[in-house]
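Below is one structure; the comments refer to it alone.
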Amino acid sequence: MRSRAWPLRVAVQTASVAWAAWIALNAAYLVAWADQTRTPPPALSALAGLFPFGPEAGSLSIEDYCPFGPLEGVVRAAQGLAAGRGLSFVGPVTLRNLGVLFAVAALVLLTKKTFCSWLCPFGALFEALGWIGRRLGVRQARLPGRWDRRLRRLRYAVLAVLVGLTGWAGYLVFKEVDPFFALYTVGSAAAPVGGYVVLAVLAAGALVVPGAWCHYLCPLGAALDPISRLGRIRITRADPACTRCDRCSRACPQRIPVARRQRVTDALCTNCLRCLDACDRGALELRLEVRP
Ligand code: SF4
Ligand code: SF4
């Protein structure tokens with residue numbers, strides 16, 4: 001059974017993927033062709049004319065909207081501030097990326113990690129791959145709970161390594177293997193080969209281990225965890241209606257024991273609403289709660 005929010009979530013995810021693909025099309029193809037003084041096909045030129053930034057924006061790419069860049073370069077930024085050089089970024093990160101990061105953090109502060117299951121184009125793509133895998137009859141793996149909990153800590157290690165290496169090297173080291181950047185600059189000379197390799201491995205992995213990237217590797221998701229714990233819009237459970245059937249817990253992709261929570265304050269909750277879908281007693285609801 002699906003809640004009324006399910007079509008809305010899919011629609012938002014589709015819009016998010018389409019938006020990212022639109023930027024990729026604009027930047028990776030039209031700009032590249034313009035650089036090579038080749039004339040883009042008329043249909044693509046017409047589409048680019050509709051895009052608010054247009055091919056004349058030159059270097060505009062998906063990385064201009066990436067919230068992870070300022071995080072990855074936080075050591076360098078701190079060093080610059082400590083040395084009195086003011087706020088500086090590791091190129092090509094700009095103030096726009098910092099604005100996107102703050103916007104994502106504010107959203108998480110209000111709605112927990114809704115960003116992950118509603119807005120992140122990468123999360124949406126991997127979720128779609130998991131769905132395709134199930135439709136194709138691919139046998140999907142579910143790690144034992146102990147291993148799942150251990151592997152989730154890997155995200156913090158990935159975050160620490162990327163921040164440390166970028167601070168040491170002075171450039172965005174993740175870009176060399178960034179599957180997100182590879183996906184959304186496909187066909188462009190800017191796309192890193194390492195990113196394609198990682199992307200292929202993750203795409204294959206998503207077919208057999210649903211949520212592998214988001215659950216075990218995503219450094220942005222790891223960085224958002226502490227803020228998510230404070231998120232005010234969250235799942236709450238009404239005791240009188242609940243039969244303790246545990247269906248909500250089993251439906252949760254984050255393995256949160258929803259049936260044992262009065263309110264889901266867990267950092268991992270992405271407000272995907274699957275627990276709401278699973279509860280046929282109407283015992284769960286999404287609420288704005290001001291108190292901690
Ligand atoms: S699915 Fe509904 S009734 Fe069952 S344990 Fe969860 S909240 Fe309670
Ligand atoms: S199933 Fe419920 S508790 Fe689990 S992540 Fe989704 S909204 Fe949060």
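Order of listing sets the numbers, starting from 1, for every ligand and every atom in it.
- Protein N/O/S atoms nearer than 2.8 Å to atom 4 (Fe) of ligand 1 total 1.
- Every atom of ligand 1 with a heavy atom of L284 under 4.0 Å away is listed here by number and element: 7 (S).
- Of the protein's non-hydrogen atoms, the one nearest atom 3 (S) of ligand 2 is V258 CG2, 3.6 Å.
- Counting only heavy atoms of the protein, atom 4 (Fe) of ligand 2 lies nearest to C252 SG, 2.3 Å.
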**Report entry** Audit row: L95, F89, side-chain contact (heavy atoms from CB on, under 4.5 Å) steps and yes/no
**Finding:** CA-CA 8 Å; L95 258 182; F89 300 101; 4.1 Å; yes
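- Here the protein heavy atom with the shortest distance to atom 8 (Fe) of ligand 2 is C269 SG, 2.3 Å.
- Residue pairs meeting the side-chain hydrogen bond (donor to acceptor under 3.5 Å, both in side chains) criterion with at least one partner in residues 71-86, sequence neighbours excluded, are E72-T166.
- Taking every non-hydrogen atom of R237 and a distance limit under 4.0 Å, the qualifying atoms of ligand 1 come out as 7 (S).
- Nearest protein neighbour of atom 6 (Fe) of ligand 2, counting heavy atoms only, is C272 SG, 2.3 Å.
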Less than 3.5 Å apart, which donor and acceptor atoms pair up between the side chains of residues 218-226 and the rest of the protein, not counting sequence neighbours?
| unit_1 | atom_1 | unit_2 | atom_2 | d |
| --- | --- | --- | --- | --- |
| D225 | OD1 | K113 | NZ | 2.6 |
| D225 | OD2 | R155 | NH1 | 3.4 |
| D225 | OD2 | R155 | NH2 | 2.7 |
| D225 | OD2 | Y156 | OH | 2.4 |

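- A search for ring pair (Phe, Tyr, Trp, His ring centres under 6.0 Å) contacts involving Y216 returns nothing, not counting sequence neighbours.
- Remark: the backbone N or O of K112 is not paired with any side-chain donor or acceptor of S228 at under 3.5 angstrom.
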Report task. Apply the test salt bridge (charged side-chain N to carboxylate O under 4.0 Å, His left out) to residues R142 and D148: give CA-CA distance (whole Å), side-chain angles for both, the deciding distance (0.1 Å), then the verdict. Result -> CA-CA 9 Å; R142 186 173 160 89; D148 178 71; over 6 Å; no
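- Two residues are said to be in side-chain contact when any heavy atoms from C-beta on lie closer than 4.5 Å; E127 and R9 meet this criterion.
- Atoms of ligand 2 lying under 4.0 Å from any heavy atom of Q254, numbered from 1 in the order shown and given with element: 5 (S).
- Regarding atom 1 (S) of ligand 2, its nearest protein heavy-atom neighbour is C275 N, 3.3 Å.
- Contacts between L273 and ligand 2, counted as non-hydrogen atom pairs separated by less than 4.0 Å, involve the backbone only.
- Atoms of ligand 2 found under 4.0 Å from any heavy atom of N271 (numbered from 1 in listed order, with element): 7 (S), 8 (Fe).
- Taking the six-membered ring for Trp, W19 and Y65 have ring centres closer than 6.0 Å.
- Judged by distance alone, with hydrogens and angles left aside, the side-chain atoms of R263 form no donor-acceptor pair with the main-chain N or O of T236 at under 3.5 Å.
- At most 12 heavy atoms of other shown residues, nucleotides or ligands fall within 6.0 angstrom of atom CZ in R281.
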**Report entry** Stepwise salt bridge (charged side-chain N to carboxylate O under 4.0 Å, His left out) test for R237 and D239
**Finding:** CA-CA 6 Å; R237 191 168 53 85; D239 258 342; 3.1 Å; yes
